[in-house]
S.K.: 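My structure is below; once you've seen it, I'll send some questions.
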Amino acid sequence: MGLKVQLPDGSTREVAAGSTGADLAQAIANSLYRKAVGVLINDELKDLFTPLKDGDKVQILTAEDPPALELLRHSSAHVMAEAVQKLFPDAKIAIGPTIEDGFYYDFEIPGHTLSTEDLGKIEAEMKRIAESDQKLVRFDIPDVDKQIADFKAQGEKFKVELLTEHRDHSPTLYLMKDKEGNVVWNDLCRGPHLPSTKGIKHFKLLKVSGSYWRGDENRETLQRIYATSWWTKEDLEGYLHRLEEAEKRDHRKISKQLDLFSVHEEVGPGLIFWHPNLATVRNTIEDFWRAEHRKRGYQFVYTPHIASEQLYAISGHLETYAENMYSPMDIDGQAYRAKPMNCPGHIMIYKSRLRSYRDLPVRFAELGTVYRYERSGVLHGMLRVRGFTQDDSHIFCTREQLEGEIMGVLDLIDMLMTTFGYTYKAYLSTRPEKSLGTDEEWEMATGALERALQKRNLDYEIDEGGGVFYAPKIDIKLFDAIGREWQGPTVQVDLNLPKRFDVTYIGEDGNRHEAVMVHRAVLGSMERFCGGLIEHYAGAFPVWLAPTQVVVIPISDRHQDAADKLTQALTEKGVRVHVDKRSETMNYRIREAQMQQTPYMVVLGDKEVEKNEVSVRHRRKGDLGTMTPQLFVDKLHDEITNRFLDE
RNA sequence: GCCCAUGUAGCUUAGCGGUAGAGCACCCCCUUGGUAAGGGGGAGGUCACGAGUUCGAUUCUCGUCAUGGGCUCCA
């Protein structure tokens with residue numbers, strides 16, 4: 001008896017009982033059969049040789065179908081592991097999953113540490129294996145105990161551990177078979193895989209690094225090889241090119257070119273020194289930030305950088321956050337701590353007097369500098385540091401006001417992120433397993449967050465159980481100019497601190513009620529945000545942010561007066577302008593301004609002075625020709641005040 | 001913190017057992033130029049720091065610190 005399957009175009013097709021995806025492909029067209037590498041059965045990725053069932057929705061996958069990349073990379077990982085064990089017979093294999101744009105495999109190799117030279121050898125061995133056209137064959141383990149014993153005998157302790165755990169989940173091996181059908185290698189794996197290694201052609205091993213078995217630092221230290229794999233040479237080259245481009249944008253590299261920030265051994269790692277150029281960018285952002293907050297009814301506050309430990313005992317940070325806090329310092333016999341968060345301070349201000357429901361909502365905002373201990377290995381330029389300034393705010397409101405307040409925050413987020421040229425996506429994180437508070441409170445808070453998202457028509461995904469133990473939250477992910485993802489704004493409804501600090505207001509009924517407290521940061525931290533901006537813009541800050549907005553270049557000494565005059569006119573308009581009067585050639589000075597990513601260069605020579613014009617060059621568009629000084633000043637002023645994102 | 005790699009003038013880097021060379025930047029001189037490098041000269045390095053091996057260490061070994069890539073975590 002045959003079975004009917006549904007094809008992607010909606011049609012159904014009858015095939016013989018026991019048919020696999022491969023049989024179906026062959027029945028459809030020989031050409032499809034030859035190109036088939038896998039199959040989607042009811043939207044699940046499967047081996048090409050998976051038997052079909054009556055009523056299945058089936059799509060044959062070829063290299064052109066995006067889901068097939070997963071197969072390619074997973075199979076590439078197996079080929080890499082096979083190659084490593086061929087070259088290093090003592091190597092024990094751990095796990096080798098696919099990741100975004102590639103895959104990795106973890107190994108324990110007694111007595112050998114992998115180096116970059118090894119990568120070349122492994123690649124060569126992989127090429128040999130792939131070209132020998134080994135078949136990847138799924139194999140149901142008939143006798144788990146025997147297989148465990150086999151793995152034990154081979155010393156594959158990680159596989160023993162994995163198989164023991166998965167013994168009841170119908171575990172499978174993938175066998176690598178050579179042309180003669182001999183099993184040359186195998187790996188415990190649930191698949192799916194390509195039918196053969198011959199499609200594995202365009203791969204590259206990228207780097208080796210350390211890792212832990214099961215991500216647990218108390219367990220074995222493993223060596224991890226990161227690699228990538230693509231169907232075509234063009235795709236591989238394109239990917240490697242993207243990596244290079246990303247490297248060029250590295251904020252640490254650009255910082256050296258544009259003199260933006262530094263860290264110093266004498267001072268300590270993870271502590272950032274903002275040089276004048278980047279400080280200008282930051283100041284400009286902060287002015288903008290303040291103006292937008294003022295418009296939205298926020299009040300600015302300042303709070304101390306250290307506080308008695310008592311404060312953090314009340315807030316609970318001493319219990320739950322101690323490992324991120326610096327050791328106490330003794331002040332007159334009392335233990336003080338550097339502040340790791342701004343919230344307790346803002347609560348102090350809120351509690352400094354009795355609040356009426358008529359006062360609410362209260363929105364306190366602070367560019368608050370905090371210090372957190374980060375393990376030395378995680379520090380990274382400006383993106384991961386030990387002292388940083390958050391654009392922090394806490395909103396105290398009633399339950400009834402909560403939804404509206406969150407909408408206000410979402411509005412602010414949209415305004416700010418759009419101005420910087422980021423697109424974004426929202427995630428709603430709900431109650432985790434371990435959490436404080438009642439069901440009713442979580443529903444109230446989560447519901448307000450979700451309704452606000454819906455009313456603003458924001459696409460969002462739900463991260464089930466992804467909330468913090470004391471709060472549901474909205475996280476916004478940003479996408480930069482080259483499509484990379486950054487952690488962005490976050491909004492949390494705190495169900496903990498109002499209780500710990502007894503944060504209340506007097507209601508219409510004359511009784512005390514617990515206030516609702518919202519934490520939110522839009523930029524995150526000035527350090528991380530500005531570091532991210534450097535990469536987003538590749539150092540070419542839009543005019544309104546650029547440290548130097550205009551460089552004026554008088555061609556020779558006799559044009560200096562005209563240059564001074566223009567500079568003064570620009571300065572009066574608040575433009576950050578610099579005259580380059582050095583006795584270098586005009587070309588040289590233009591080149592330098594270009595390399596500094598200065599948005600505009602103005603050249604003044606005989607022709608311009610005579611006609612009272614200026615010759616304007618834009619860093620990307622090149623020579624814009626001449627115009628009157630007034631027109632240039634107006635144009636620039638317009639671009640700056642409207643925060644143009646040029647290019 | 002752990003694994004691996006790296007650490008030579010402000011920056012990018014060559015060298016690698018016999019106490020360092022380049023390009024750019026910097027300073028001086030000449031050049032006054034039409035939209036991405038005009039020419040010449042000069043100064044600048046305890047080769048990250050500390051021990052050890054050696055007749056001799058920037059070069060080899062160990063330790064420390066920092067940086068980079070990961071693991072883990074988060075703004």
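Values below: every heavy atom of this structure, side chains too, minus hydrogens, waters and symmetry copies. Labels below follow one simple rule: chain letters A, B, ... track the order of the sequence lines, proteins then strands, and each chain is numbered from 1.
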S.K.: Reckon A:Y588 touches a base, only the sugar-phosphate, or nothing at all at heavy-atom distances under 4.0 Å?
M.R.: sugar-phosphate
S.K.: With a non-hydrogen cut-off below 4.0 angstrom, is A:E608 in contact with a base, only sugar-phosphate, or nothing?
M.R.: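 Base contact - A:E608 has a heavy atom under 4.0 Å of at least one base atom.
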S.K.: Rounded to whole Å, please give me the gap between CZ in A:R384 and C1' in B:U67.
M.R.: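 The distance from CZ of A:R384 to C1' of B:U67 comes to 17 Å, rounded to the nearest Å.
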S.K.: How would you label the contact of A:E584 with the nucleic acid (heavy atoms, under 4.0 Å): base, sugar-phosphate, or nothing?
M.R.: base
S.K.: Classify A:G215 by what it touches in the nucleic acid, base, sugar-phosphate, or nothing, heavy-atom distance under 4.0 Å.
M.R.: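 Sugar-phosphate contact only - A:G215 comes under 4.0 Å of backbone atoms but never of a base.
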S.K.: Which is true for A:G381 with a 4.0 Å heavy-atom rule: it touches a base, it touches only sugar-phosphate, or it touches nothing?
M.R.: sugar-phosphate
S.K.: Look at the side chain of A:Y212 and the base of B:G70, then say whether one donor and one acceptor between them are separated by less than 3.5 Å.
M.R.: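 It does not, because no donor-acceptor pair links the side chain of A:Y212 to the base of B:G70 below 3.5 Å.
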S.K.: Donor-acceptor pair under 3.5 Å: do we get one between A:R617's side chain and the base of B:A36?
M.R.: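 Donor-acceptor pair under 3.5 Å: yes.
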S.K.: Tell me what A:Y226 touches on the nucleic acid: a base, only sugar-phosphate, or nothing, going by heavy atoms under 4.0 Å.
M.R.: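 A:Y226: backbone/sugar contact only, no base atoms under 4.0 Å.
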S.K.: Check every strand shown and say whether A:V385 touches a base, only sugar-phosphate, or nothing at a heavy-atom separation below 4.0 Å.
M.R.: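 Contact class for A:V385: base.
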S.K.: Going by atom type alone, with no hydrogens or angles, which donor-acceptor pairs under 3.5 Å involve a side-chain atom of residues 91-103 of chain A and a protein atom two or more places apart or on another chain?
M.R.:
unit_1, atom_1, unit_2, atom_2, d
A:K92, NZ, A:D90, O, 3.4
A:K92, NZ, A:Q154, O, 3.4
A:T98, OG1, A:E70, OE2, 3.1

S.K.: What is the nucleic acid contact for A:R252, judged by heavy atoms within less than 4.0 Å: base, sugar-phosphate only, or nothing?
M.R.: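 Sugar-phosphate: the residue A:R252, judged by heavy atoms under 4.0 Å, touches backbone atoms but no base.
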S.K.: Considering every strand and a 4.0 Å limit on heavy-atom distances, what is the contact class for A:H380: base, sugar-phosphate, or nothing?
M.R.: sugar-phosphate
S.K.: With a 4.0 Å cut-off on heavy atoms, is A:Q594 in touch with a base, just the backbone sugar-phosphate, or nothing at all?
M.R.: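 Contact class for A:Q594: base.
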S.K.: Check every strand shown and say whether A:S583 touches a base, only sugar-phosphate, or nothing at a heavy-atom separation below 4.0 Å.
M.R.: base
S.K.: Atom CG of A:D250 to atom P of B:G68: distance rounded to whole Å?
M.R.: 9 Å
S.K.: Which part of the nucleic acid does A:R558 contact within heavy-atom distance under 4.0 Å: base, sugar-phosphate only, or nothing?
M.R.: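 Here A:R558 touches the backbone only, sparing every base.
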S.K.: Any base atoms under 4.0 Å from A:R520, or only sugar-phosphate, or nothing? Heavy atoms, all strands.
M.R.: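 Nothing, no heavy atom under 4.0 Å.
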S.K.: Think A:S211 has a side-chain N or O under 4.0 angstrom from the OP1 or OP2 of B:G70?
M.R.: no
